[in-house]
Visitor: 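Dropping a structure here in structure tokens format, bear with me for questions.
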Protein chains: 2
Amino acid sequence: MPTSTVENYLKAILVHSSDKDAVVATGTLAEALGVTPGTITTMVKSMAARGLLEHQPREGVRLTAEGRAVALAVVRKHRLIETFLVQVLKMDWKEVHEEAEALEHALSDRVLLRIDAILGHPTSDPHGDPIPSPKAPALDRGKGATLATCEVQRPLRVERILDQSPPFLEFIQRTGLKPGARVRVRERDHTSGIVRCELKEGEATLGLPEAAKIDVRPL
Amino acid sequence: MPTSTVENYLKAILVHSSDKDAVVATGTLAEALGVTPGTITTMVKSMAARGLLEHQPREGVRLTAEGRAVALAVVRKHRLIETFLVQVLKMDWKEVHEEAEALEHALSDRVLLRIDAILGHPTSDPHGDPIPSPKAPALDRGKGATLATCEVQRPLRVERILDQSPPFLEFIQRTGLKPGARVRVRERDHTSGIVRCELKEGEATLGLPEAAKIDVRPL
DNA sequence: ATTTTGTCTTTGATTAATCAAATACTCGTT
DNA sequence: AACGAGTATTTGATTAATCAAAGACAAAAT
Ligand SMILES: [Mn+2]
Ligand SMILES: [Mn+2]
Ligand SMILES: [Mn+2]
Ligand SMILES: [Mn+2]
């Protein structure tokens, strides 16, 4: 069985491979995992030997089918845990990511089945991130619109929050721009870099880079 | 922060120190933790250096106040988790020990607080083991009667199951001798080594060593 | 007072994960 | 073609946890 370190490495590779079989640079992983580049090279070589990924020296890494399956299972566990912590234990959505980061390596599949059933087999977590199914279909990396790119004046629904740092989530909560909320972009000004939105609760104004962190869907 | 290995060592020492400041032999720990004696000696020396316990070479170990506090916190976490898994997630009490063994090292105090609140601050776990309070008072190691020592014919209540191996728990469940159940010893025969009990569900017969694994209280 | 036995401790290795610092590539620029 | 900048890999250590096998000790048996 993979150690929790290996599980974290696999997850990081998965979420950093934008598309199908894009290679991820070892430097990207060093950054994402907070370790030195040399550590990544060493770990990656041993994971390649175990068949979890392929390593093109000086190029990057790509998950094998087995590595991807493990990574998807970990992501699924992580997101179901987050959902459970928020919906059942009534925890703050700003703190659940950290908790899930540890619990995803300790929770058995048996417990996960119970949690999934109690939650009614949810398909997205509190941040709007999709929960991969147990049969492990692809992880759809937001190919839709964001508040920075969507049509102005069109009625929309917030789909997903891409930046999950506590301060950003705090802002989202304050303005009401949470997943599921109805919203309409009133004005987008590329000169001032400002996006003004209208929600049921009132108005929210944010910068373009921030608006790009909020996935939306027309309707 | 202690690693999960250190937490497991501390817990093992705690549950094996029958009384206050009894020393625990390193061999006992090797047996309990499933590692070689040499490993225990090495670990114990490093834990002593960290102030978690005292080591009398060739004698045994004794927890310091700090070591005991950590151990009690881990035991509390373990038992609250077991209770939660049974009561909220509706899991089988035969499998929760194993789950808790891993989760006790990953669950934060924040989550534990929520679990404790949702359960209504329980004082014993599904096996009848007491849940140490957060202020960490002593862990009362069953000083009461068992089905092997109690008065015959007296109405009793099952308090606690001391053997938590799945097969024994399976037997307990089948006979209905679970914590909380009312029971009365009909006959105890030291020649045949048999104890016959009467419960609401009918009768249960078990051997003396097995009867000694079931704590009871008059009433 | 020896010897034996059973328990502990030491010693020397191993595996996983990590770092710092030295070294080696690869590209894009002179 | 040579150089320099930016990455990536190697190398040599370190820490935690573990084992096997050798050695030390203390209590019990002779
Ligand atoms: Mn993690
Ligand atoms: Mn999430
Ligand atoms: Mn444990
Ligand atoms: Mn228990």
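Lettering follows sequence order; numbering is per chain, from 1.
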Visitor: Between C:dA17 and A:Thr5, is there an OP1 or OP2 to side-chain N/O distance shorter than 4.0 Å?
Guide: yes

Visitor: OP1, OP2 of C:dC19 versus side-chain N and O of A:Thr39: anything below 4.0 Å?
Guide: yes

Visitor: For B:Arg76, is there an ion pair with B:Asp116 - N to carboxylate O distance below 4.0 angstrom?
Guide: yes

Visitor: According to a strict under-4.0 Å criterion, is A:Thr26 in side-chain N/O contact with OP1 or OP2 of D:dT9?
Guide: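 A:Thr26 to D:dT9 OP1/OP2: side-chain N or O found under 4.0 Å.
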
Visitor: Check the distance between C:dT18's P and A:Ile40's CD1 and give it to me in whole angstrom.
Guide: 8 Å

Visitor: Might you list the N or O atoms of the protein lying below 3.5 Å from N or O atoms in nucleotides 24-27 of chain C, with each pair's distance?
Guide:
residue: C:dA24; atom: N3; partner: A:Arg58; partner atom: NH2; Å: 3.1

Visitor: Using whole Å, report how far CG of B:Leu33 lies from P of D:dA17.
Guide: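 Distance, rounded to whole Å: 12 Å.
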
Visitor: To the side chain of B:Met43, which of C:dT18, D:dT18, D:dT9 is closest?
Guide: D:dT18

Visitor: Tell me the interatomic distance from A:Glu31, atom CD, to D:dT7, atom C1', rounded to whole angstroms.
Guide: 14 Å

Visitor: Distance check needed: C:dT18 P versus A:Leu29 CG, whole Å only.
Guide: 13 Å

Visitor: Check this for me, if you would: do A:Arg114 and B:Glu99 make a salt bridge, where the nitrogen-to-carboxylate-oxygen distance has to be below 4.0 angstrom?
Guide: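 B:Glu99 and A:Arg114: not salt-bridged.
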
Visitor: For A:Gly60 and A:His55, which heavy atoms make the closest approach, and how far apart are they?
Guide: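 Shortest heavy-atom separation between A:Gly60 and A:His55 comes out as O-CD2, 3.5 Å.
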
Visitor: Indicate whether OP1 or OP2 belonging to D:dA17 is found under 4.0 Å from a side-chain N or O atom of B:Thr3.
Guide: yes

Visitor: On DNA chain C, does the nearest nucleotide to A:Gly38 precede the nearest nucleotide to A:Ser4 from the 5' side, or the other way round? Give the residue.
Guide: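 Its nucleotide being nearer the 5' end, the pick is A:Ser4.
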
Visitor: Taking 4.0 angstrom as the limit, do A:Lys11 and A:Glu104 come out as a salt bridge?
Guide: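 Yes, this pair counts.
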
Visitor: Please tell me which of the listed nucleotides, C:dT18, C:dT9, C:dT10, lies nearest to the side chain of B:Lys45?
Guide: C:dT10

Visitor: Ignoring backbone atoms, establish whether A:Thr41 has a side-chain N or O less than 4.0 Å from OP1 or OP2 of D:dA8.
Guide: no

Visitor: Measure NE2/B:His105 against P/D:dA16 and give the value in whole Å, please.
Guide: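 Result: 18 Å.
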
Visitor: Should B:His55 be listed as having a side-chain N or O under 4.0 Å from OP1 or OP2 of C:dT9?
Guide: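 For C:dT9, OP1 or OP2 has a side-chain N or O of B:His55 closer than 4.0 Å.
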
Visitor: Expressed in angstrom and rounded to an integer, what is the separation of B:Met47 atom CE from D:dA16 atom P?
Guide: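 Going from CE in B:Met47 over to P in D:dA16 covers 13 Å.
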
Visitor: Between B:Lys77 and B:Glu7, does any side-chain N to carboxylate O distance fall below 4.0 Å?
Guide: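 So B:Lys77 does not pair with B:Glu7 through a salt bridge.
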
Visitor: Rounded to the nearest angstrom, tell me the gap between atom OH in B:Tyr9 and atom C1' in D:dA16.
Guide: 11 Å

Visitor: Which sits closer to the 5' end of DNA chain C, A:Thr36 or B:Thr28, going by the nucleotide each is nearest to?
Guide: B:Thr28

Visitor: Hey, is CD on B:Glu170 packed in by over 12 heavy atoms from elsewhere, all under 6.0 Å?
Guide: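 Atom CD in B:Glu170 is crowded, with more than 12 foreign heavy atoms closer than 6.0 Å.
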
Visitor: Flag the pair B:His127 / B:His97 as yes when their ring centroid distance falls below 6.0 Å, and as no otherwise.
Guide: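 They do not qualify: ring centres at least 6.0 Å apart.
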
Visitor: Grab the CG-P distance between B:Leu10 and D:dA17 for me, whole Å please.
Guide: 11 Å

Visitor: Taking the side chain of A:Val35 as heavy atoms from C-beta outward, which of D:dT9, C:dC19, D:dT18 is closest to it?
Guide: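 The listed nucleotide nearest to A:Val35's side chain is C:dC19.
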
Visitor: Tell me if a side-chain donor or acceptor on B:Thr64 pairs with a main-chain N or O of B:Leu52 at a distance below 3.5 Å.
Guide: yes

